[in-house]
K.L.:
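Quick one: the structure is below, and I'll ask about it shortly.
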There are 2 protein chains.
Amino acid sequence: MTREQEGNLPDTAAEVLREFARMSGEGVDTANCPVRDVLDRVGEKWTLLILVAMSDEPRRFSALQREVGDISKRMLTQTLRTLERDGLVTRTVYPTKPPSVDYRLTGLGRSVLTPLAGLIGWAGQKHDEIRAAREAYDEREGVAA
Amino acid sequence: MTREQEGNLPDTAAEVLREFARMSGEGVDTANCPVRDVLDRVGEKWTLLILVAMSDEPRRFSALQREVGDISKRMLTQTLRTLERDGLVTRTVYPTKPPSVDYRLTGLGRSVLTPLAGLIGWAGQKHDEIRAAREAYDEREGVAA
DNA sequence: CTGTATCCCCGATGATACTG
DNA sequence: CAGTATCATCGGGGATACAG
């Protein structure tokens, strides 16, 4: 753990990583790992898109479906229920006819947008570099099987 | 404690999210979305653990397998290859007998640790709140099917 | 020690049809 | 409009055996 290895990593980040490494390395199983538990959600196919779609204002079910793009009602419902259960989203039903329902982020839900934006920003910044690395790799290793 | 109280995102984060929403909302398919492309990786089951395990210093194959815990050789190899292809990790073979191989983060690979630490930190901080939300939800909605 | 090659299973996701 | 129910599929990921 020499200092040059960590290079330009902010101390707070390094601290968080060490803490996490300690927790996850020591035979703690996945079920007991808060981070895996939460991160798996973010990894789900539609979670990120839905959170972002709601980030500025509440959205109705159909609006979300349109904005997210290719999602089925089934998956939209399922993902929204998970988010609601986790306390990131609030569901509000207006018993009009036909009914309308809106979904909005809770405080907890909004609070995840900041770290998420960090990752999204990184992805946007580095995507060219990553694509280039892939092409170089494929050429080195032979893209054809 | 400035204006970022309960509801306000830092301006930079809000900006990133708007930018991303614009890109992903407009009928751009998943294949062309840099962010989905990159984020899907992070969502893969082992990527995060492996990156963190390598975060402080290079690791040998067997060391990674021990540290990550429950991963099979198959998945470890596969995930490492993906990371290598994406330019996040360098693989170095020492033709000793028996051979030894080490994996280390590239500059690009280290650069993702910062946003990742943001998310990991969030997960650690909010996990109690999330667990509480789940219990409340399950009680409201009836845990039994 | 560091992988590859197979086989297999299950859960995540999609498609479609139906309902309050 | 906002879902639910059901069936079909596809691939991620585990287990195991083999190899350089």
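Note that these values count all heavy atoms, side chains included, but never hydrogens, waters or copies made by symmetry. By convention in this document, chain letters (A, B, ...) are assigned in the order of the sequence lines, proteins followed by strands, and residues within each chain are numbered from 1.
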K.L.:
Separation of A:D40 atom CG from D:dG13 atom C1', in whole Å?
P.N.:
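In whole Å, D:dG13 C1' lies 13 Å from A:D40 CG.
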K.L.:
Compute the angle between the rotation axes at the two ends of the helix from C:dC1-D:dG20 to C:dG20-D:dC1, each taken over five pairs, rounded to 10 degrees.
P.N.:
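Angle reported: 50°, given to the nearest ten degrees.
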K.L.:
Taking 4.0 angstrom as the limit, do B:R134 and A:D37 come out as a salt bridge?
P.N.:
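Salt bridge present between B:R134 and A:D37.
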K.L.:
Expressed as a whole number of angstroms, how long is the span from A:Y94:OH to D:dC1:C1'?
P.N.:
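Value for this atom pair: 15 Å.
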K.L.:
I'd like to check the side-chain hydrogen bond (donor to acceptor under 3.5 Å, both in side chains) partners of B:R131; sequence neighbours left out, ordered by chain and number.
P.N.:
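Scan of B:R131 (side-chain hydrogen bond (donor to acceptor under 3.5 Å, both in side chains), adjacent residues dropped) gives B:D128.
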K.L.:
In whole angstrom, give the distance that lies between atom CG of A:D102 and atom P of D:dC1.
P.N.:
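Value for this atom pair: 15 Å.
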K.L.:
Hey, where on DNA chain C does chain B first and last touch, going 5' to 3'? Cut-off is any atom under 4.0 Å from a heavy atom.
P.N.:
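Span of nucleotides near chain B: C:dC1 to C:dT6.
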K.L.:
Holding to side-chain hydrogen bond (donor to acceptor under 3.5 Å, both in side chains), I want the full list of residues that pass it with A:D56, two or more places apart in sequence or in another chain.
P.N.:
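A:D56 satisfies side-chain hydrogen bond (donor to acceptor under 3.5 Å, both in side chains) with A:R59 only.
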K.L.:
Could you tell me which residues satisfy side-chain contact (heavy atoms from CB on, under 4.5 Å) with B:T12, sequence neighbours excluded, listed by chain and number?
P.N.:
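B:T12 satisfies side-chain contact (heavy atoms from CB on, under 4.5 Å) with B:P10 only.
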K.L.:
Do nucleotides 15-20 of chain D as a string where each nucleotide becomes B, S or -: B if the base has a protein heavy atom under 4.0 Å, S if just the sugar-phosphate does, - if no protein is that close.
P.N.:
B----B
K.L.:
Could you identify which residues of residues 76-83 of chain A place a heavy atom less than 4.0 Å from some atom of DNA chain C, listed by residue number, or say none?
P.N.:
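Nothing qualifies; none.
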K.L.:
Taking only residues two or more places apart in sequence, or in another chain, which ones meet A:V16 in a side-chain contact (heavy atoms from CB on, under 4.5 Å)?
P.N.:
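side-chain contact (heavy atoms from CB on, under 4.5 Å) check on A:V16 returns B:A117, B:I120.
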K.L.:
Just the rounded figure in Å: distance from P of D:dG13 to CD1 of B:I50.
P.N.:
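Going from B:I50 (CD1) to D:dG13 (P), I get 11 Å.
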K.L.:
Quick one, B:L64 and B:L76 - any side-chain contact, counting heavy atoms below 4.5 Å?
P.N.:
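Side-chain contact under 4.5 Å: yes.
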K.L.:
State whether the side chain of A:T47 and the backbone N or O of A:G43 hold a donor-acceptor pair below 3.5 Å, judged by distance alone.
P.N.:
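No.
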K.L.:
Closest nucleotide of DNA chain C for A:M75 versus for B:F61: which of these residues is on the 5' side?
P.N.:
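It is B:F61, whose closest nucleotide lies nearer the 5' terminus.
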K.L.:
In chain order, what residues pass the side-chain hydrogen bond (donor to acceptor under 3.5 Å, both in side chains) check against B:E129, with sequence neighbours excluded?
P.N.:
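So B:E129 forms no side-chain hydrogen bond (donor to acceptor under 3.5 Å, both in side chains) with any residue.
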K.L.:
Between A:E44 and B:R91, name the one whose nearest nucleotide on DNA chain C is closer to the 5' end.
P.N.:
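Its nucleotide being nearer the 5' end, the pick is B:R91.
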K.L.:
Under the rule for side-chain hydrogen bond (donor to acceptor under 3.5 Å, both in side chains), what residues qualify as partners of B:S111, not counting sequence neighbours?
P.N.:
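Partners of B:S111 under the side-chain hydrogen bond (donor to acceptor under 3.5 Å, both in side chains) test: A:W122.
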K.L.:
For A:R91, enumerate each residue passing the salt bridge (charged side-chain N to carboxylate O under 4.0 Å, His left out) test, keeping only those at least two apart in sequence or located in another chain.
P.N.:
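Expected list: none.
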K.L.:
Which salt bridge (charged side-chain N to carboxylate O under 4.0 Å, His left out) pairs, counting each pair once, include a residue from residues 71-83 of chain B, with sequence neighbours left out?
P.N.:
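Every pair satisfying salt bridge (charged side-chain N to carboxylate O under 4.0 Å, His left out) with a residue in residues 71-83 of chain B: B:R81-B:E84.
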K.L.:
Under 4.0 Å between a Lys/Arg side-chain N and an Asp/Glu carboxylate O for B:D102 and B:R104?
P.N.:
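So B:D102 pairs with B:R104 through a salt bridge.
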K.L.:
Short question: side chain of B:T106, backbone of B:G87 - any donor-acceptor pair under 3.5 Å?
P.N.:
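Yes, the answer is positive, given that a donor and an acceptor are paired below the 3.5 Å cut-off.
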